[in-house]
Amino acid sequence: MPELPDVEAFREVLADCAQGRLVRRVDVRDSGVLNGVDAPRLRRELAGRRLAAPYRHGKWLFAPTDGPTVLFHFGMTGSLLCPEPGEPLARHDRVVLTFADEVELRYRDQRKLKGLWLADPATADRTVAEEGPDALTVGRKGFEAALTGRRARIKAVLTDQSALAGLGNLLADEILWRARLHPARATDHLSREDRDRLHRAMRRTLREAVRAGRVPPRPSWLTGHRDGEGETCPRCGTELSRGRVAGRGTVWCPHCQPADD
DNA sequence: GCATATGTTATGAA
DNA sequence: TTTCATAACATATG
């Protein structure tokens, strides 16, 4: 599930649920989601700490405390929730933080492809530095720099976190559809106007998706037509094409997004 | 059993 | 050097 808009929603969960509170208990129910830290050390290092303001870069979520910083990456199936008191534990609730007033924060994850890290603030900064600029806030110049020198197919570049941070498979398809660019177009063959359209489409798509807390599968969006046979383009009615681009399942409109380069 | 799935990463080939 | 496909990770669903 998680791409930038989802992670942004998890940041809000963290801010509402945990910011300013003291950690009372750390319950690691499946240490398979811990990276570079074991359950006893996580417990030791977090117990008694106070959560500061969380921040996000790309698909990474950072939860600084008055000690170490907790890093979250949600992989394909992770989520963060602040359940009502008494909400029974779900099968995939892997880590539960309980705060001083019994408020709970749960990291839930079916597939355990990623998970939690514990880092000092400098290491957290290094994680950010390894990525491209955040897709939600990058301006036209930063976007230009992210594409410059890249010859890969545009979808591969958009989803390459070291070029631009935050876009995943659904968002890349949605943005390219809005910008009327075929996902397999060579990045270095795009015109300035193509890149302008692409940046504008990215901004609009991200703003709306962040507002929705996800990439919304609305009928007016491409994402609303990914599943099922014979789906048609919500803009022109042409039957959508499906294939594999940059190793991922890809949907595009053969009429709105011509392949020629 | 097979294919698919919104994540990243290592590997070997082109 | 860059890019690509592929497999792998762990699990669920159709």
Side-chain angles (χ1 to χ4, degrees), chain A residues 1-11 28-36 56-61 71-80 90-95 107-117 126-128 130-132 134-136 146-178 182-190 202 205-206 208-210 212-218 221-229 231 240 242-252 261:
Chain A
M1 189 218 222
E3 300 182 68
L4 186 155
D6 310 86
V7 181
E8 184 61 20
F10 300 149
R11 188 190 62 74
V28 177
R29 314 191 69 253
D30 185 338
S31 58
V33 298
L34 300 186
N35 299 272
R56 179 194 60 73
H57 183 89
K59 299 173 191 172
W60 284 99
L61 180 60
L71 280 61
F72 294 90
H73 196 294
F74 299 91
M76 299 226 306
T77 53
S79 65
L80 206 54
R91 175 140 71 111
H92 301 119
D93 288 338
R94 312 294 187 181
V95 177
Y107 177 76
R108 181 175 294 179
D109 194 351
Q110 178 187 105
R111 286 172 65 180
K112 302 188 284 183
L113 290 172
K114 291 284 159 179
L116 281 70
W117 286 251
R126 218 172 312 128
T127 302
V128 170
E130 283 170 8
E131 300 216 319
D134 186 76
L136 182 62
L147 301 188
T148 300
R150 307 254 173 183
R151 287 171 299 162
R153 301 191 276 186
I154 186 60
K155 175 163 176 175
V157 174
L158 290 181
T159 54
D160 178 347
Q161 305 301 299
S162 71
L164 196 62
L167 305 185
N169 198 38
L170 262 51
L171 276 171
D173 282 4
E174 188 70 44
I175 291 164
L176 288 165
W177 174 74
R178 283 216 205 185
H182 191 284
R185 291 277 303 275
T187 300
D188 58 339
H189 289 181
L190 297 180
M202 184 176 77
T205 305
L206 282 176
E208 292 188 51
V210 165
R214 61 195 287 217
V215 187
R218 293 177 193 150
W221 288 45
L222 180 68
T223 303
H225 304 269
R226 292 187 74 88
D227 312 320
E229 293 291 296
E231 291 273 15
L240 294 169
R242 290 161 196 285
R244 204 154 269 278
V245 177
R248 309 301 306 273
T250 301
V251 180
W252 70 95
D261 209 320

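Worth saying up front: this structure is predicted, and the values here are computed from it rather than measured. The figures here come from the full heavy-atom set of this structure, side chains too, leaving out hydrogens, waters and symmetry mates. Letters go in sequence order (proteins before strands), and every chain restarts at 1.
Annotation: of the two residues near DNA chain B, A/L170 and A/W60, the 5′-most nearest-nucleotide partner is A/L170. Taking the nucleotide of DNA chain B with the nearest heavy atom to each of A/Q161 and A/Q110, the more 5' of the two is matched to A/Q110.
The distance from atom CG of A/D109 to atom P of B/dT8 is 13 Å, rounded to the nearest whole Å. In this structure, A/D173 places its CG atom 10 Å from P of B/dG7, rounding to the nearest Å. Rounded to an integer number of Å, the gap from A/L71 CG to B/dT8 P is 14 Å. The CD-P distance, from A/E3 to B/dT8, rounds to 9 Å in whole Å. Spacing between atom NZ of A/K114 and atom P of B/dT6 amounts to 16 Å, rounded to whole angstrom units. Residue A/R151 contributes atom CZ, which lies 18 Å from atom P of B/dA14 at whole-angstrom precision. One atom, CZ of A/R56, and another, C1' of B/dG7, lie 16 Å apart when rounded to the nearest Å. The interatomic distance linking A/L167 (CG) with B/dT6 (C1') rounds to 12 Å, in whole Å.
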Checklist entry - Given A/F74 and A/F10, is the ring pair (Phe, Tyr, Trp, His ring centres under 6.0 Å) satisfied, shown in steps? => result CA-CA 10 Å; A/F74 299 91; A/F10 300 149; 4.5 Å; yes

Item to check | Verdict with supporting geometry, A/K155 and A/D173, salt bridge (charged side-chain N to carboxylate O under 4.0 Å, His left out) | outcome: CA-CA 8 Å; A/K155 175 163 176 175; A/D173 282 4; 2.8 Å; yes

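Taking a pair as Watson-Crick or G-U with both hydrogen-bonding distances under 3.5 Å, the stems of three or more pairs touching DNA chain C are B:2-5 with C:11-14, B:7-14 with C:2-9.
For C/dT1 and B/dT8, the C1' atoms lie 22 Å apart once the distance is rounded to whole Å. Of the C1' atoms belonging to B/dT6 and C/dT3, the separation is 23 Å, rounded to the nearest Å.
Side-chain atoms of A/L34 and A/R94, non-hydrogen and from C-beta on, never get closer than 4.5 Å to each other. In this structure, A/K59 and A/E131 have side chains that are not in contact, with every pair of non-hydrogen atoms separated by 4.5 Å or more.
The existence of a salt bridge linking A/R56 and A/D134 is confirmed by a sub-4.0 Å separation between a basic side-chain nitrogen and an acidic carboxylate oxygen.
When heavy atoms are screened at a 4.0 angstrom cut-off, A/R214 is found touching no nucleic acid atom at all. At a threshold of 4.0 angstrom between heavy atoms, the contacts of A/R91 are confined to the sugar-phosphate backbone, with no base atom among them.
Taking the ring centre of A/W221 as origin, the terminal cationic atom of A/R178 falls inside the region bounded by 6.0 Å and 45° from the ring axis.
With hydrogens and angles ignored, the 3.5 Å screen pairs no side-chain donor or acceptor of A/T205 with any backbone N or O of A/I175. A/S162 contributes no side-chain N or O that, together with a main-chain N or O of A/D160, makes up a donor-acceptor pair within less than 3.5 Å. With hydrogens and angles ignored, the 3.5 Å screen pairs no side-chain donor or acceptor of A/R218 with any backbone N or O of A/T223.
Side-chain nitrogen and oxygen atoms of A/R248 include at least one within less than 4.0 Å of the OP1 or OP2 phosphate oxygen of B/dT6. Within the 4.0 Å cut-off from OP1 or OP2 of B/dG7, at least one side-chain nitrogen or oxygen of A/K59 is found.
Ring pair A/W60/A/W117 is perpendicular by interplanar angle, where above 60° counts as perpendicular and below 30° as parallel.
For DNA chain C, the span of nucleotides reached by chain A at under 4.0 Å from its heavy atoms goes, 5' to 3', from C/dT2 to C/dA12.
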